[in-house]
**Student:** 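Dumping the structure here so I can ask a few things about it.
Counting starts at 1 for both ligands and their atoms, in listed order.
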Amino acid sequence: MRIALLPGHAQEREGSSMCCGHFKGYGEWCLATWYIPLLAKGLRELGYDVVRTQRTDAGGTTPSYSAKAANAVGADLALEFHFNSASPAANGTEVMYWHASATGKVFAWQLAQRVAGLLGTQLHGDGALAVPTPDNRGTEAFRKSRMPFFMVEVCFAGSNETDCQLFTQALLSGEWERRMPGIIDRCIREVYTNN
Ligand SMILES: [Zn+2]
């Protein structure tokens with residue numbers, strides 16, 4: 001199985017930035033670009049064909065270029081990594097999936113559960129967020145991709161200090177890179193490959 005790993009957004013349009021701690025001011029794109037190679041290495045060791053790509057590889061910075069980039073590398077599954085920002089009270093982990101996919105919903109929920117377990121965060125809502133969302137966030141990435149496509153909203157590290165500290169801790173301790181490949185693998189095996 002070929003997995004595409006993408007950072008959310010783009011260097012010139014970073015999205016949210018970490019609100020506190022060691023990585024304060026680091027944007028979504030920047031942080032994901034740093035840790036994605038670590039996740040790719042772990043997933044390759046588990047036998048996956050991993051391709052790193054991003055929106056600008058397909059020529060733009062908006063979500064439809066995420067789909068184009070993932071389509072261009074022939075991915076069977078695509079994960080784009082983000083973190084959220086809203087009011088300081090909002091918190092938790094969620095994974096976004098295309099609304100019409102019942103399987104995608106299960107995968108999103110399983111992944112959100114396990115990411116929350118790794119970080120010690122709560123789930124935002126029930127953890128699986130159907131796209132299109134009411135604010136139409138990211139829709140074109142899901143509409144135009146030809147494979148199951150997910151946005152992992154790790155937590156509200158852009159606006160909630162507790163979430164930001166939990167994510168920071170997982171990154172600095174190495175838990176994120178150590179455990180995320182196995183978590184992704186387990187979700188894939190349970191939901192897509194049935195083994
Ligand atoms: Zn984002």
**Student:** Scan side-chain atoms only and decide if E28 and H9 contain a donor-acceptor pair under the 3.5 Å cut-off.
**Tutor:** yes
**Student:** Do NZ/NE/NH1/NH2 and the carboxylate oxygens of R137 and E94 come within less than 4.0 Å?
**Tutor:** yes
**Student:** Please state whether the separation between the Zn ion (ligand 1) and some N/O/S atom of E153 is under 2.8 Å?
**Tutor:** no
**Student:** If you check every N/O/S atom of E28, which is the one nearest the Zn ion (ligand 1)?
**Tutor:** OE1
**Student:** Parallel, tilted or perpendicular: which one describes the rings of Y35 and F167, with boundaries at 30° and 60°?
**Tutor:** perpendicular
**Student:** Name of the H82 N, O or S atom nearest the Zn ion (ligand 1)?
**Tutor:** ND1
**Student:** With the 4.5 Å side-chain cut-off for hydrophobic clustering, are L79 and Y97 part of the same group?
**Tutor:** yes
